[in-house]
Amino acid sequence: MDSTKETSNTYKEDLLLRMGLNDNKAGMEGLDKEKINKIIMGATKGSRFYGNELKKEKQVNQRIENMMQQKARITSQQLREAQLQVDRFAMELEHCRDLSNTIVHVDMDAFYAAVEMRDNPELKDKPIAVGSMSMLSTSNYHARRFGVRAAMPGFIAKRLCPHLIIVPLNFDKYRVVSKQVGICLAPTSICSWVSCRIRSQLQMPRQDWPEERRRYFIKTGNSKTTSELTTYLTSIEYELSASPLLFEDSPPDLQPPGNPSQVNCKEQNKLQIPQKSVVFGTSAEEVVKEIRFRIEQKTTLTASAGIAPNTMLAKVCSDKNKPNGQYQILPSRQAVMEFIKDLPIRKISGIGKVTEKMLKALGIITCAELYQQRALLSLLFSETSWHYFLHISLGLGSTHLARDGERKSMSVERTFNEINKAEDQYSLCQELCSEIAQDLQKEGLKGRTVTVKLKNVNFEVKTRASTVSSVVSTEEEIFAIAKELLRTEIDVFGYLVFLVKQTKNTNKGASLASYRLGTKLCQPLGVQERRLIKISV
DNA sequence: GCGGATCAC
DNA sequence: CATGGTGATCCGC
């Protein structure tokens, strides 16, 4: 009933929500959104990209309208029954609530931008972003004050902030730093977490550790090497020559007690300069402070962290005191519920722009409202989805960290300028096939499904897949399939080649996660900004 | 299994 | 001038 009028009234708002500034990110509070959105819209309006966004927006609105119609058909009797069923399930979940684990989510602050600033002092105190004029990967906090953020094209960012410096991506560099951070997180060297590599007699609860084992000598930044430290290459050297107490690559547990070399180094430290030292306590909070201290000493970059009884909450927490801060939800039901109450659902990993909007149409903004509407949600969404929503609204999440499983697909994707000749499209397709074949070989993988993804100049995307009976892996094998998929599309549409993706069929349908999204813990890639570790103290 | 969509980083 | 690339999952066929 409120369909057409309502949607046209809020249409402008909708578009701003889609196209305009997304300030759901640390360091973007209290900006002049109106001014920023005006600039963004001015830069985007009339573009092909904008046209496609408009189309997608209409589709989402249609989805919402369908949902609202379905809602209107629900009887109070149905709702009552649903309420009983959902509450029964909620009770079971509540009964299984596990507060015994401590999950830590560590998140580097403006990672790429921070690395670039560290390595080029000229960039300090200036608004910078990492990426290109076409796309930015991240921005520093200075730039965020102008509304410049990740996933924004550089040319628009430049309009928002004319002095913005855009630094190209240096993935190799980030990989190195990422590895260093990984060492700082090595749980066995911080906690007494039992790793299968550690012999059991060497374990000792952190509470029982001598103070000396939790003491760090602070590396003061005023020596001659400081400026050298700021360059990429010397930072590696720095790592190798650093005090073993702070920068050893193997956990202390592995060293024989009273290791003479360790004692010597400590002595040396004392001899060199009267160094300051810190001692970290034994609580979870202190352990996380220690982790962040190690990261900062080792990389001269800061990290933020969240501590909570499960991964879902820990991730949200890591954002709370960003940058260079941490936040803990104590392991009690009350503390969890208190934290959850007014939390906007959009903050939860897995709830994106579209889900946010759909739930908003049902009057749901916060987690408390998500809980209130649980019965309705069970009638409007799939089981997977409403289970997921219910978990969120009860503050529940995964309490263990899954090992990185087998990869399920591998792809190569590239954006080109418009290509009109079919001949050129085939040859590009073949090139991508060649690349994917090489990547597959590197990991010794093969697959049975080949997917081709196409995008035209209007940003419309389509995928075409074909599954064959025997596995393929060579360029020739893949191209033979991709070529056929491409042929039918070219003949009909004259679309552009955009991507060739070769999927590895794992043939394991049963091992799905228990709920939609939210369970992804760690990307199997080398470069990553976020990491999760599990500790026990 | 396929294709469109959503999401994270 | 100009809006990415990779991997995963879910829904409805």
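Chain letters run A, B, ... following the sequence lines, proteins first and then strands; every chain starts at 1.
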pair Asp172(A)-Arg175(A): side-chain heavy atoms closer than 4.5 Å: yes
Ignoring hydrogens and geometry, is there a side-chain-to-backbone donor-acceptor pair from Arg292(A) to Ala303(A) under 3.5 Å? yes
Kindly point out which of dC2(B), dG4(C), dC10(C) is positioned nearest to the side chain of Met135(A)? dG4(C)
When you compare dA8(B) with dT3(C), how far apart are their P atoms, in angstrom units rounded to a whole number? 23 Å
Short side-chain N/O contact from Thr415(A) to OP1 or OP2 of dG5(C), under 4.0 Å: yes
Separation of Gln59(A) atom CD from dT6(B) atom C1', in whole Å? 12 Å
How is Glu53(A) classified with respect to the nucleic acid when contacts are heavy atoms under 4.0 Å: base, sugar-phosphate, or nothing? nothing
Choosing from dG4(B), dT6(C), dT3(C), which nucleotide comes nearest the side chain of Lys462(A)? dG4(B)
Just to confirm, is there a sub-4.0 Å distance from OP1 or OP2 of dG7(C) to any side-chain nitrogen or oxygen of Ser409(A)? no
Lys347(A) NZ - dA8(B) P separation (whole Å): 12 Å
Is the distance between the ring centroids of His163(A) and Phe146(A) less than 6.0 Å? no
Thr467(A) vs dC2(B): side-chain N/O to OP1/OP2 distance below 4.0 Å: yes
Salt bridge check, Glu413(A) against Lys455(A): does any charged N sit closer than 4.0 Å to a carboxylate O? no
To the nearest angstrom, how far is Glu460(A) atom CD from dT3(C) atom C1'? 15 Å
Let me know, please, whether Glu383(A) or Ile40(A) comes out on the 5' side of the other along DNA chain C by nearest nucleotide. Ile40(A)
Between dT9(C), dA8(B), dT3(C), which nucleotide gets closest to the side-chain atoms of Ser134(A)? dT3(C)
Below 4.0 angstrom from OP1 or OP2 of dG7(C), is there any side-chain N or O of Arg407(A)? yes
Of all the nucleotides listed (dA8(B), dT6(C), dC7(B)), which has the minimum atom distance to the side chain of Arg346(A)? dA8(B)
Leu454(A) atom CG is separated from dG5(C) atom P, nearest whole Å, by 14 Å
Please report the distance, rounded to the nearest Å, between OH in Tyr112(A) and P in dG4(C). 16 Å
What contact category does Lys56(A) fall into here, base, sugar-phosphate, or nothing, at under 4.0 angstrom with non-hydrogen atoms? nothing
With a non-hydrogen cut-off below 4.0 angstrom, is Leu136(A) in contact with a base, only sugar-phosphate, or nothing? nothing
Closest to the Arg448(A) side chain: dC2(B), dG1(B), dG7(C)? dG1(B)
Ranking dT3(C), dT6(B), dC2(B) by distance to the side chain of Val60(A), first place goes to dT6(B)
Quick check on dC7(B): is either OP1 or OP2 less than 4.0 Å from any side-chain nitrogen or oxygen of Thr355(A)? yes
salt_bridge(Lys322(A), Asp319(A)) N-O dist < 4.0 Å: no
Counting only side-chain nitrogens and oxygens, does Arg63(A) get under 4.0 Å of the OP1 or OP2 atom of dT6(B)? yes
Can you pull out every salt bridge (Lys or Arg N to Asp or Glu O under 4.0 Å) where at least one residue sits in residues 42-53 of chain A? Sequence neighbours excluded, please. Arg18(A)-Glu53(A), Glu53(A)-Lys56(A)
Euclidean distance, atom CZ of residue Phe459(A) to atom P of dG4(C) [Å, nearest integer]: 6 Å
Please report the distance, rounded to the nearest Å, between CG in Asp404(A) and C1' in dT6(C). 15 Å
Go through the N and O atoms of the side chain of Thr44(A) and the base of dT3(C), and report whether any donor-acceptor pair is under 3.5 Å. yes
When the distance from CZ of Phe416(A) to P of dT3(C) is rounded to whole Å, what number comes out? 14 Å
Starting the side chain at C-beta, find the nucleotide from dG4(C), dA8(C), dT3(C) nearest to Lys455(A). dG4(C)
Nearest to side-chain heavy atoms of Lys315(A), which nucleotide of dA8(C), dT3(C), dC9(B): dC9(B)
Sorted by chain and residue number, the side chain to side chain contact (heavy atoms under 4.5 Å, CB included) partners of Glu369(A) (sequence neighbours excluded) come out as Ile364(A), Ile365(A), Thr366(A), Gln372(A)
Given dA8(B), dT6(C), dG4(B), identify the nucleotide with an atom nearest to the side chain of Thr463(A). dG4(B)
Of the candidates dG4(C), dG1(B), dA2(C), the side chain of Met133(A) sits closest to dA2(C)
